Amino acid sequence: MSDITQSGPVLAADGTPLKRSLARALRMQKIRALMLIAPLLLFVLLTFILPIADMLFRSVENRIVQDTLPQTVVAVQDWDADSGETPPEAVFEALAYDLVVAAERKRHTRVGTRLNYETPGISSLFRKAGRRVDDVGEGYLKQFEALDPAWEEPQTFMSVFADPEWLASRADGETEPPFQLSDSAREALPKASDAYLSFARTIQEEDNDSPTEEEPWAPVYMALHSDLAANPQAAKAFSGDAQRLLQEAAALIESGQMETESARDAFVKMDKDWADPEVWRTLKTYAGKYTNGYFLNAADLQKSPDGPELRPEDERIYGTLFMRTLIMSLAITCSCIVLGYPVAWILANLPSRTANLLMILVLLPFWTSLLVRTSAWKVMLQQQGVINDTLVWLGLVGDSDRLVMINNQFGTIVAMTHILLPFMILPMYSVMQTINPSYLRAAKSLGATNWTAFWRVYFPQSVPGIGAGSILVFILAIGYYITPELVGGTKGVFISNRIAYHISQSLNWGLAAALGTILLVIVLALYWAYDKIVGIDNVKLG
């Protein structure tokens, strides 16, 4: 029907065109509906979508190494990890510059912990080095100070490295601004400039102190020696006492009278494992911002400079755990179907008053703590428990041959079947209630036996309830944690127990996120397969 008449468009009561008025009314209706569901959308976003997105990000995120050891990560890239030798001296020097800052900011243990996930023992290596990295370059510090006592004064380093504008701004303001390097120092003494800038910024941020009052760390002297050895004419970029001091130091270095100190030897002296190329292979392999290493570990592989490698046979556990989780979840689901189907059929075919009374027994477990129910099974299934005592009393089992039903897969299946059984009964009961009994009577009146009537008429109509209950039970079972932890022992735990271990004990959140992501993908794949084979439209809760 057109909204235009011979005299013009049809108008609403307020004089606006009817089409525009209807569109505005529909838009306002949609906005009101959106406002009503906004709290639910916000809740789902904060408690479901964002945590999953964070888990996916953590499974590939690997910034800790690069952020903590920026110079080392760059320097180690040119090292051939397959050479069988330790990296060159420049890499150890870069490690000293990075590690002294990391130790001051108390971040060296974090990078050690991260690398320890890949090569056990590295964590203690970084902790030990963090305590003693101040000693790297100590020989240069003493020789500079012996050359001229002015090298002990913080003002000497100000005259070499500080930007004049930064010094002026510092004098004007109450709060000292972040330290700035001079252009001449940045060009003439690049390594020492970076080392001193890290020192000055760390002193300001961590100690709330001023570099104008603190003597630099020993690695700064090592960097200064390295720059003057590479560029003896660097002093010409400066003037006054700074030029004189640098010229004297450069002359001493050029004459060979200043003793050199190896950063590599200093680290090896701290711990001989720093001479192990495998440590550096690990550092180089996991130096990127993002990594597939967590997923490789979750698949019993390991990342190496040459690509993915299969882990040693005694370290492959996650494939077994994933397979065990799937098989046991399937067994629990089948057990619930077998036990729950007759119960649901009885409930659906009893008079309402009796069915409601029995339904209380089905719902009764929901009113009892999950921990209590699991602990009860732990008491019942143990070798000196109620079930074994009963079997011995009946003479079915000898006292010396009591059954082992706890801390294994059997105990996990029994306890979880009991806990998840109501989730199977309720959907099946809801669907069976809608099945008209006259269908069975009609089948029997046409000559079908009880079994034929059930199998050909009743069972197909109850399949949607079985499907709904199976999906519910399987998804709950595949992520269960408490029950396998308490009654599963070492052979009855699920992959969820390993995820919980990495989150709460080993603190390897990246690997936990990767395992969780794989578990999520498996569930989605099974859901997709179920939809293709059975059809999700056939799943009904009532």
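The model shown is predicted, which means the values in this text are computed figures rather than measured ones.
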- Message: Determine whether W377 and H418 satisfy the following criterion, ring-ring contact (aromatic ring centres under 6.0 Å, His included), listing intermediate values before the conclusion.
- Response: CA-CA 9 Å; W377 278 112; H418 165 249; 5.6 Å; yes
* To do: Could you go through the side-chain hydrogen bond (donor to acceptor under 3.5 Å, both in side chains) check for N497 and E485 one step at a time?
  => CA-CA 7 Å; N497 299 97; E485 182 71 20; 2.9 Å; yes
Practice prompt. Could you walk me through whether D148 and R244 pass salt bridge (Lys or Arg N to Asp or Glu O under 4.0 Å), step by step?
Written response: CA-CA 11 Å; D148 195 313; R244 178 182 62 80; 3.3 Å; yes
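Using a 4.0 Å cut-off between charged side-chain N and carboxylate O, D54 and R58 make a salt bridge. Electrostatic pairing of R105 and E205 counts as a salt bridge here, judged by a charged N lying under 4.0 Å from a carboxylate O. A salt bridge links K128 and D271; the closest N-O separation between the charged side-chain nitrogens and carboxylate oxygens is under 4.0 Å. Taking 4.0 Å as the cut-off between side-chain N and carboxylate O, D135 and K269 do not count as a salt-bridged pair. Classification of R281 and E278 as a salt-bridged pair holds, one side-chain N sitting under 4.0 Å from a carboxylate O.
Crowding of E259 atom CD: a count of heavy atoms from other residues, nucleotides or ligands under 6.0 Å not exceeding 12. Within 6.0 Å of CG on N208 lie no more than 12 heavy atoms contributed by other residues, nucleotides or ligands.
Between F267 and F92, the two ring planes are tilted [angle within 30° to 60°]. Using bins of under 30°, 30° to 60° and over 60° for the plane-to-plane angle, the ring pair F179/Y196 lands in the perpendicular bin.
Between Y140 and W151, the distance from one ring center to the other does not fall under 6.0 angstrom.
Applying the ring-ring contact (aromatic ring centres under 6.0 Å, His included) test between F199 and each of W217, Y221, F161 identifies W217 as the sole match.
Between F494 and Y481 there is no side-chain heavy-atom pair separated by less than 4.5 Å.
Pairing each heavy atom of S226 with each of E93, the nearest pair is OG-OE1, 4.1 Å.
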